[in-house]
Amino acid sequence: QVQLVESGGGSVQAGGSLRLSCAASGYTYSRYCMGWFRQAPGKEREGVAGIYSDTRVRYADSVKGRFTISKDNAKNTLYLQMNSLKPEDTAMYYCAADSCPDWTTWYGATWWRSSYNYWGQGTQVTVSS
């Protein structure tokens, strides 16, 4: 059974940093594509960062240059390093996973919630001004 468990959320002031973690179990971790999504109150869940391989990653325009996604296959853990946080980054953050399609397919569907069958329970990030 696939399980994803996020941690690392919290409250920080604008300009601060947080590192989110997503511990994965129940599948062949290295063969899965993963992503970070977030959902603010009253808004749709949106994709933030996705990772296809160590050299193939994608970021939403709103976080480019500030967030970094990475994964440690030995630890079965996905990370999201978030720097220069802004109040608009406040949201519940979720990690998601599924088996990797070919690169072109994944690139076109990175931000689709339907691209991922497995989701964590979320971790709250609150950024104050």
Side-chain angles (χ1 to χ4, degrees):
Q1 182 177 358
V2 176
Q3 285 194 321
L4 302 173
V5 180
E6 301 98 333
S7 61
S11 296
V12 295
Q13 290 191 327
S17 299
L18 283 173
R19 188 176 80 157
L20 306 184
S21 299
C22 173
S25 62
Y27 62 92
T28 307
Y29 181 76
S30 61
R31 298 179 183 176
Y32 271 56
C33 291
M34 302 189 75
W36 285 100
F37 287 71
R38 67 186 181 187
Q39 188 166 18
K43 294 188 177 181
E44 293 289 320
R45 190 171 299 189
E46 63 176 357
V48 173
I51 185 164
Y52 185 84
S53 68
D54 288 346
T55 58
R56 289 178 168 178
V57 298
R58 294 192 67 195
Y59 297 98
D61 289 342
S62 59
V63 306
K64 278 181 182 177
R66 300 188 298 122
F67 291 11
T68 302
I69 188 171
S70 63
K71 61 177 184 172
D72 185 331
N73 291 336
K75 296 182 177 180
N76 287 0
T77 302
L78 178 74
Y79 300 101
L80 185 68
Q81 178 66 45
M82 305 186 297
N83 298 327
S84 302
L85 282 162
K86 304 175 181 180
E88 51 263 44
D89 294 317
T90 295
M92 185 72 78
Y93 283 70
Y94 300 89
C95 69
D98 211 325
S99 56
C100 286
D102 62 273
W103 163 248
T104 301
T105 300
W106 184 78
Y107 188 89
T110 307
W111 309 130
W112 296 0
R113 292 177 59 178
S114 60
S115 294
Y116 306 89
N117 280 313
Y118 306 107
W119 293 82
Q121 83 290 347
T123 186
Q124 178 68 37
V125 172
T126 303
V127 184
S128 58
S129 57

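Only a predicted model underlies this, so the values are computations on that prediction, with no experimental measurement involved.
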Just so I know, are the side chains of Arg38 and Glu46 near enough to count as touching, which here means a heavy-atom distance under 4.5 Å? yes
Between Ala60 and Gly47, the two heavy atoms sitting closest are CB-O, 3.5 Å
Within 45° of the six-membered ring axis of Tyr79 and under 6.0 Å from that ring's centre, is NZ or CZ of Arg19 located there? yes
Under the side-chain contact (heavy atoms from CB on, under 4.5 Å) criterion, do Thr90 and Gln124 qualify, and how do the steps go? CA-CA 8 Å; Thr90 295; Gln124 178 68 37; 4.1 Å; yes
Gln13 and Val127: CA distance, side-chain angles, deciding distance, side-chain contact (heavy atoms from CB on, under 4.5 Å) verdict: CA-CA 5 Å; Gln13 290 191 327; Val127 184; over 6 Å; no
Taking a hydrophobic cluster as the set of Ile, Leu, Val, Met, Phe, Trp and Tyr residues connected by side-chain heavy atoms closer than 4.5 Å, whether directly or through intermediates, do Val57 and Trp111 fall within one such cluster? no
Donor-acceptor contact present, side-chain Ser115 to main-chain Ala109, <3.5 Å: yes
Say you draw a straight line from CZ of Arg66 to CG of Asn83; how long is it, rounded to the nearest 0.5 Å? 9.0 Å
Is there a side-chain contact between Thr77 and Lys71, using heavy atoms and a 4.5 Å cut-off? no
Closer than 3.5 angstrom, by distance alone: can the side chain of Thr105 be matched with the main-chain N or O of Pro101 as a donor-acceptor pair? no
OH of Tyr32 to CG of Leu4: how many Å apart, nearest 0.5 Å? 10.0 Å
Between Asp89 and Lys86, does any side-chain N to carboxylate O distance fall below 4.0 Å? no
Distance check, rounded to the nearest 0.5 Å: Thr123 atom OG1 versus Tyr93 atom OH? 10.5 Å
Taking every heavy atom of Glu6 against every heavy atom of Gly120, the minimum-distance pair comes out as OE2-CA, 3.2 Å
If hydrophobic clusters are built by linking Ile, Leu, Val, Met, Phe, Trp and Tyr wherever their side-chain heavy atoms come under 4.5 Å apart, do Val5 and Met92 end up in the same one? no
Working to the nearest 0.5 Å, report the span between CD1 of Ile51 and CD1 of Ile69. 5.5 Å
For Tyr116 against Met34, the heavy-atom pair lying closest together: CE2-C, 4.0 Å
Any Ser17 side-chain heavy atom under 4.5 Å of Gln81 side chain: yes
Quick check: do Phe67 and Val48 have side-chain heavy atoms less than 4.5 Å from each other? yes
Tell me whether Arg58 forms a cation-pi arrangement with Tyr52, defined as NZ or CZ under 6.0 Å from the six-membered ring centre and within 45 degrees of its axis. no
What pair of heavy atoms forms the shortest contact from Pro87 to Ala14, and how long is it? CD-CB, 4.1 Å
To the nearest 0.5 Å, tell me how far Cys95 SG sits from Trp36 CH2. 5.0 Å
Measure the spacing between CD of Gln39 and CZ of Arg113 and express it to the nearest 0.5 Å. 6.0 Å
Within-4.5 Å side-chain heavy-atom neighbours: Ser129 and Glu88: no
By ring pair (Phe, Tyr, Trp, His ring centres under 6.0 Å) - contacts of Trp119 (at least two apart): Phe37
Quick one: does Leu20's side chain get under 4.5 Å of Tyr94's, heavy atoms only? no
